[in-house]
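Have a look at the structure below before the remarks.
Chain naming here is simple, since letters A, B, ... match the order of the sequence lines and numbering starts at 1 in each. Everything quoted here is computed from the prediction, not taken from an experiment.
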2 protein chains.
Amino acid sequence: MRTTAPSEELDCPGGARRPLSCDRIVGAAVAFVEANCLAQLSMRRLGSELGVEAMSLYRYFPSKALLVDAVVCRVLGGLELPAETATDWEPAVRAYARSYRALARQHPDLLPLLAADGGARATATEVEQRMQALWRRAGLTGDGPRRAQRAVQAYVIGSCLQAPAARSEEAEADFELGLEALLSGLRTRLPLSS
Amino acid sequence: MRTTAPSEELDCPGGARRPLSCDRIVGAAVAFVEANCLAQLSMRRLGSELGVEAMSLYRYFPSKALLVDAVVCRVLGGLELPAETATDWEPAVRAYARSYRALARQHPDLLPLLAADGGARATATEVEQRMQALWRRAGLTGDGPRRAQRAVQAYVIGSCLQAPAARSEEAEADFELGLEALLSGLRTRLPLSS
DNA sequence: ACCTGAACACCGTTCAAGT
DNA sequence: ACCTGAACACCGTTCAAGT
């Protein structure tokens, strides 16, 4: 799912400043949000992080909103999706759920944006399609794949948004219990193979 | 769960302007967010909505963040919680889930804040306690009540955050399927009565 | 082609001043 | 006691100008 190379902040030989690019800007924005928080991300601050005036960023992104969308897409690119040939749905869905959770814990500030109906919808829809294909290979038809995936996605996102329980192993165990409950409920309710 | 009377915007007899109060400010903020959106809520605009300078609001709320917390608490107050005596957990949990969903659909902008770990945590914890008490009456002990409630809460919040499916009855059916799957999974995994 | 400076219309918030 | 005005340090964004 990763479609762009990670943008490394290497200096050009001779110390000349590398030119701006969408990739470099998004990389810097992700790093900034990880190091600080989304609320502190401003065009001015991001510009100064890149050694450039805020206004220069507008050559690459017409608005801050579109830049943030690109950041969300980049982060979603880190998701581990099931192989196109996977048919054993249970381990594949568990792996997806845990991958999403890991990603959410790495970018807690971005999570509300991952879930929201924003400009990253295209990428989110791509992810949804890949997961629905898995559910189809597992035997579901019609509304089945969408419903199964939406249920899993809802649970996973909601879990990540919740205030962490006291100890982190506790939170992990809570997450796993709910996930297994949901999967077993889906198994008994939907005509899934195996 | 509603602890404060709804603040009606009635003029005083004689047309004299009613004095400001926390209640009146929160009421106006909720109305503003419903009528516009959270992003447009500013101290200046809210002030002008109340016929007052922005700075006056600081007499009642030391910061915008605390005002928003109060808004979130007010909205959470609209939740239908199970009676303290309810023991039949399934219909009570369904009613809670649907009540939460209804509230989320009425205040889509506030939903991320309801889920987040913000200043409304006290109220959210209160809700959680009430629900955990229900799970305890249903036979759960130890980690059980917390886990059951966190699973339900995760699913409900995540569902509400998801982009609505094409048709709204479709979204409703998707929500119900996942809810029933989760509840039945919890039923088989936890020592619940009935 | 790519970046900058100054400017516009906003923010949250502080503080001294009004009544 | 309660509200206001002016000010500070920020925003996103436009636009004309630099190189």
Side-chain angles (χ1 to χ4, degrees), chain A residues 7 9-12 14-33 35-72 109-110 112-113 116 118-120, chain B residues 7 9 11-12 14-30 32-33 35-72 109-110 112-113 116 118-120:
Chain A
S7 86
E9 285 298 329
L10 297 172
D11 283 311
C12 282
R17 203 174 270 135
R18 268 196 303 153
L20 242 34
S21 70
C22 286
D23 224 57
R24 213 161 87 83
I25 293 170
V26 170
V30 171
F32 183 92
V33 172
N36 303 271
C37 70
L38 184 61
Q40 298 211 313
L41 180 69
S42 77
M43 299 301 266
R44 284 167 156 98
R45 292 188 62 153
L46 182 57
S48 87
E49 211 79 19
L50 286 160
V52 107
E53 294 299 312
M55 311 316 143
S56 307
L57 305 177
Y58 285 86
R59 292 264 151 207
Y60 302 87
F61 295 96
S63 72
K64 185 190 179 185
L66 287 170
L67 200 169
V68 169
D69 288 344
V71 167
V72 172
D109 265 29
L110 261 29
L113 299 179
Chain B
S7 86
E9 285 299 329
D11 283 310
C12 280
R17 203 174 271 133
R18 266 195 305 152
L20 242 32
S21 70
C22 287
D23 224 57
R24 215 161 87 84
I25 293 171
V26 170
V30 171
F32 183 92
V33 172
N36 303 271
C37 69
L38 183 61
Q40 298 210 314
L41 180 69
S42 77
M43 299 301 266
R44 283 166 157 99
R45 293 188 63 155
L46 182 58
S48 88
E49 211 79 17
L50 286 158
V52 107
E53 295 299 312
M55 311 317 141
S56 307
L57 305 176
Y58 285 85
R59 291 267 151 207
Y60 302 87
F61 295 96
S63 71
K64 186 190 178 185
L66 287 169
L67 199 168
V68 169
D69 288 345
V71 167
V72 171
D109 265 29
L110 261 29
L113 299 179

* Asked: Do you know which two heavy atoms are closest between B:D109 and B:P112, and how far apart they sit?
  -> O-CD, 3.5 Å
* Check the pair A:L38 / A:L113 against side-chain contact (heavy atoms from CB on, under 4.5 Å), numbers first and verdict last. => CA-CA 10 Å; A:L38 184 61; A:L113 299 179; 3.6 Å; yes
* Dot-bracket for DNA chain D: what is it, with Watson-Crick or G-U pairs under 3.5 Å, [ ] where a pair crosses earlier ones, and | for a pair to another strand? -> ||.|||||...|||||.||
* What heavy-atom pair brings A:S56 and A:L20 nearest, and what distance separates the two atoms? -> CB-CD2, 3.9 Å
* Structure fact -> Numerically ordered, the residues 38-47 of chain A set in heavy-atom contact under 4.0 Å with DNA chain C is A:R44
* To do: Please name the pair of heavy atoms, one in B:V71 and one in B:A29, separated by the smallest distance, quoted to 0.1 Å.
  => CG2-CB, 3.6 Å
* What is the minimum heavy-atom distance between A:A54 and A:Y58, and which atoms define it? -> O-CD1, 3.7 Å
* Asked: What pairs with A:F61 under side chain to side chain contact (heavy atoms under 4.5 Å, CB included), at least two apart in sequence or on another chain?
  -> A:C22, A:I25, A:V26, A:L67, A:A70
* Structure fact -> side chain to side chain contact (heavy atoms under 4.5 Å, CB included) filter on B:S42, not counting sequence neighbours, yields B:R44, B:R45
* Residues touching DNA chain D, which here means a heavy atom under 4.0 Å, drawn from residues 56-69 of chain B -> B:S56, B:R59, B:Y60
* Going from NZ on B:K64 to CG on B:L46, what distance comes out if it is rounded to the nearest 0.5 angstrom? -> 9.5 Å
* Asked: What pairs with A:S21 under side chain to side chain contact (heavy atoms under 4.5 Å, CB included), at least two apart in sequence or on another chain?
  -> A:D23, A:R24
* **Rounded distance [0.5 Å steps], CE in A:M43 versus OG in A:S63** => 7.5 Å
* Heavy atoms of chain B, cut-off under 4.0 Å: which first and last nucleotide of DNA chain D, 5' to 3', fall inside that, if you could look? => D:dC2 to D:dA7
* **Pairwise distance CE(A:M55) to CG(A:L57) - rounded to 0.5 angstrom** => 8.5 Å
